[in-house]
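Worksheet: one structure, shown below.
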Amino acid sequence: MSSRRSRSRQSGVSRITDDQITDLVSKLQQLIPEIRNRDSDKVSASKVLQETCNYIRSLHREVDDLSERLSQLLESTDSNSAQAAIIRSLLM
């Protein structure tokens, strides 16, 4: 038995089953646009996890880019205007 499995049993943490892992990987696959429409039998779990990481990274970049654009818009707007207040609320 692996030491990881031994530790999880000793600490009282229940072990995740292969069926649960398969179900979770399938759910992840449905969330990722790059692999959403592929047959689940043809996409490996490692590919799903890799694409999930890539997708999360791209979402982080998109959030950073949008935040930067909002900040630039706020800088170019009269700070007392209603539009500036809306932009500030989006940044908070």
Between [atom1] of [X] and [atom2] of [Y], what distance do you get to the nearest 0.5 Å?
X	Y	atom1	atom2	result
Gln72	Glu75	CD	CD	7.0 Å
Leu70	Asp65	CG	CG	11.5 Å
Glu51	Gln29	CD	CD	10.5 Å
Leu49	Asn54	CG	CG	11.0 Å

Between Ser71 and Glu68, do the side chains contain a donor N or O and an acceptor N or O under 3.5 Å apart?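 Result is no, nothing qualifies.
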Is the number of heavy atoms from other residues, nucleotides or ligands within 6.0 Å of CZ (Arg36) greater than 12? yes
Atom CD of residue position Gln20 - does it have more than 12 heavy atoms of other residues, nucleotides or ligands inside 6.0 Å? yes
Do [X] and [Y] land in one hydrophobic cluster if side-chain heavy atoms of ILVMFWY residues count as linked below 4.5 Å?
X	Y	value
Ile56	Ile35	no
Val63	Leu31	no
Leu73	Leu66	no

List the steps and the verdict of side chain to side chain contact (heavy atoms under 4.5 Å, CB included) for Gln50 and Lys47. CA-CA 5 Å; Gln50 181 181 25; Lys47 179 70 172 171; 4.0 Å; yes
Can you name the closest pair of heavy atoms from Tyr55 and Ile32 and give their distance?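 What the structure gives for the nearest pair is CD2-CD1, 3.6 Å.
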Search all heavy atoms of Val48 against all heavy atoms of Val25 and return the closest pair with its distance.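 For Val48 versus Val25, the nearest heavy atoms are CG1-O, 3.6 Å.
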Tell me if a side-chain donor or acceptor on Gln30 pairs with a main-chain N or O of Lys27 at a distance below 3.5 Å.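 It does not hold such a pair.
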Any side-chain to backbone donor/acceptor pair from Thr22 onto Asp18? Under 3.5 Å, distance only.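 A pair under 3.5 Å: yes.
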Name of the residue among Thr17, Asp23, Ile16 meeting side-chain contact (heavy atoms from CB on, under 4.5 Å) with Asp19: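 Exactly one option meets the side-chain contact (heavy atoms from CB on, under 4.5 Å) with Asp19, and it is Thr17.
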